[in-house]
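Okay, structure first, notes after.
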There are 2 protein chains.
Amino acid sequence: MKIVEVVDVIESSDITGSSLWKRGWKDIEDSIHAIDWPHGSGTFSLNPEGKHANGVKPIKEPALNLLKDRGWKVESLPSELSGVKMGNLDALYSSSEIENIGFEWETGNISSSHRAINKMLHALLKGGLIAGVLVVPSQAMRRYITDRVGNITELREYFYVWSQVSIRKGLLRIVAVEYDQLDRSVPLIPKGTDGRARR
Amino acid sequence: MKIVEVVDVIESSDITGSSLWKRGWKDIEDSIHAIDWPHGSGTFSLNPEGKHANGVKPIKEPALNLLKDRGWKVESLPSELSGVKMGNLDALYSSSEIENIGFEWETGNISSSHRAINKMLHALLKGGLIAGVLVVPSQAMRRYITDRVGNITELREYFYVWSQVSIRKGLLRIVAVEYDQLDRSVPLIPKGTDGRARR
DNA sequence: TATGGATCCATA
DNA sequence: TATGGATCCATA
């Protein structure tokens, strides 16, 4: 998969110069590039037939596997991060006990992206994270995958709100990702039975 | 319906003393008290059979009708509110061209409540609103209505984040509401076919 | 029970 | 196409 846009909604105190961040961001870039479809093919081909015909659940698996291999804590994160009682982030990287980078792959509903960001803001405010990265599909991907999934277009109007939260030291980065190519010969990504799916 | 909790997450510059607010809040209280089930019965009785067996869509209708009667603009709000490009709020009250009170009845998914609040924060920051009110079901109601609907319990952890947004002049109020009584003899509130419902 | 998610709806 | 919503799933 490829990265088509990177936006730093909050950036204070030169986080991007730290060695922790450099390693963490390298891992994140590599993990996004590792995402392929069909799994194992080495490139992300998306079948453009139909409207919203591809599911989203299996997409992130190669990324989380790579992060796990690189020493990130995946799923089952500590429910307390510097006093922030929150549900899990998708992955967490920490070199010390003090500095953490949070990673969220957002293919839930767009409204869920608001919660994910509010959660990372909470941890940034309390010092539980020094950086939070949210990955969402690009505008071009929207029509091919499950309807109403998180996307960068609908988040744009809110960048201003999040930029008004005073974080002394922290980075909030939003990354838009996209298929490498469209290809009618690959299988559609399967959908689950959750949400309002017919069962 | 009854109000069981009122939380002012942001309150700056004594909005609650203004006459616009006093009239607007009176309307909101009256509109919540006007919500009944079955519609026309004058009191909100909820059938407690089953898990998450009641739908939520018809609940807010009596409230919005009352607000409309009191001169609030309901639905189809201007898509631009002091430069804030946003989707509609459920209702808007304005005595002048300048001062507006926004009203959101939240029975979408809990994550949608995060978007609703982020949206009202945006308008508060830009001066499009002087007050925003979000109404959500109480903890006690959760088990009887559609699963994962917005509720005050899951929002509590985020009050801190929203309180950190510097609003010069504005109020952000969250209101928890609840049935007047449980009653196995009333009909279940019908559900729509959206979401992951079987059709 | 709690929590992030995945899915499709309705209307403009 | 755009946008708020409504509904049920999966797992801890």
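Lettering of chains follows the sequences in order, A, B, ..., and the numbering in each one begins at 1.
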> Mind checking what makes side chain to side chain contact (heavy atoms under 4.5 Å, CB included) contact with B:Glu5, not counting sequence neighbours?
Replying inline: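 So B:Glu5 forms a side chain to side chain contact (heavy atoms under 4.5 Å, CB included) with B:Val7, B:Ile152, B:Arg156, B:Ala176.
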>> Tell me every residue that passes side chain to side chain contact (heavy atoms under 4.5 Å, CB included) with B:Ser41, counting only those two or more places apart in sequence or in another chain.
In response: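 With sequence neighbours excluded, B:Ser41 shows a side chain to side chain contact (heavy atoms under 4.5 Å, CB included) to B:Asp36, B:Pro38, B:Thr43, given in chain and number order.
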> Given the side-chain rings of B:Tyr93 and B:Trp72, with only the six-membered ring counted for Trp, is the space between their centroids under 6.0 Å?
Replying inline: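 Under 6.0 Å, so yes.
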Pairing residues for [X] by the side-chain hydrogen bond (donor to acceptor under 3.5 Å, both in side chains) criterion, not counting sequence neighbours:
X: B:Trp21; value: none
X: A:Arg70; value: A:Asp27, A:Asp30
X: A:Asn65; value: none
X: B:Ser113; value: none

Using whole Å, report how far [atom1] of [X] lies from [atom2] of [N].
X: A:Leu64; N: C:dG4; atom1: CG; atom2: P; answer: 16 Å
X: B:Asp90; N: C:dT11; atom1: CG; atom2: P; answer: 15 Å
X: B:Trp105; N: D:dA6; atom1: CH2; atom2: P; answer: 11 Å
X: B:Asn151; N: D:dA6; atom1: CG; atom2: P; answer: 15 Å
X: B:Leu155; N: C:dG4; atom1: CG; atom2: P; answer: 11 Å
X: B:Ile110; N: C:dG4; atom1: CD1; atom2: C1'; answer: 11 Å
X: B:Lys57; N: D:dG4; atom1: NZ; atom2: P; answer: 15 Å
X: A:His52; N: C:dA10; atom1: NE2; atom2: C1'; answer: 14 Å

> Looking at residues at least two apart in the chain, or sitting in another chain, which of them share a salt bridge (Lys or Arg N to Asp or Glu O under 4.0 Å) with A:Lys68?
Replying inline: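 Applying salt bridge (Lys or Arg N to Asp or Glu O under 4.0 Å) to A:Lys68 gives none.
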> For B:Lys2, which residues count as a salt bridge (Lys or Arg N to Asp or Glu O under 4.0 Å) partner, sequence neighbours excluded?
Replying inline: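 Partners of B:Lys2 by the salt bridge (Lys or Arg N to Asp or Glu O under 4.0 Å) criterion come out as none, since no residue qualifies.
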>> Quiz question: going by heavy-atom distance under 3.5 Å, is there a donor-acceptor pair between the base of D:dT7 and the side chain of B:Asn109?
In response: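 By the distance-only test, yes, there is a pair.
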> Looking across every strand, which nucleic acid part, if any, lies under 4.0 Å from A:Glu157 by heavy atom: base, sugar-phosphate, or nothing?
Replying inline: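 Touches nothing.
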> Hey, does A:Thr107 reach any base, or is it just sugar-phosphate, or nothing, if we go heavy atoms under 4.0 Å?
Replying inline: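 Here A:Thr107 touches the backbone only, sparing every base.
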Output a table of donor-acceptor pairs, distance under 3.5 Å, between side-chain atoms of residues 132-141 of chain B and any protein atom two or more places apart or on a different chain; print 'none' if there are none.
| from | atom 1 | to | atom 2 | distance (Å) |
| --- | --- | --- | --- | --- |
| B:Ser138 | OG | B:Ala140 | N | 3.3 |
| B:Ser138 | OG | B:Met141 | N | 3.3 |
| B:Ser138 | OG | B:Glu178 | OE1 | 2.8 |
| B:Gln139 | OE1 | B:Arg142 | NH1 | 3.1 |
| B:Gln139 | OE1 | B:Thr153 | OG1 | 2.5 |

>> Does anything in residues 112-128 of chain A come within less than 4.0 Å of DNA chain D? Heavy atoms only, and list the residues if so.
In response: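 When residues 112-128 of chain A is checked for heavy atoms under 4.0 Å from DNA chain D, there are no hits whatsoever.
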> Salt bridge or not for A:Glu154 and A:Arg148, using N-O below 4.0 Å?
Replying inline: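 Looking at A:Arg148 together with A:Glu154, the answer is yes, because their closest N to O distance falls below 4.0 Å.
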> Taking only side-chain nitrogens and oxygens of A:Lys191, does any of them come within less than 4.0 Å of OP1 or OP2 of C:dC8?
Replying inline: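 Answer is yes, contact under 4.0 Å.
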> What bend angle does the helix from C:dT1-D:dA12 to C:dA12-D:dT1 show across its length, from five-pair end axes and to the nearest 10 degrees?
Replying inline: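 Nearest ten degrees gives 30° for this helix.
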> Which residues within residues 135-150 of chain B lie with some heavy atom under 4.0 Å of an atom in DNA chain C?
Replying inline: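 The answer is B:Gln139, B:Arg142, B:Arg148.
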>> Could you check whether atom NZ of B:Lys169 has more than 12 heavy atoms from other residues, nucleotides or ligands sitting under 6.0 Å from it?
In response: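 Count not over threshold, so no.
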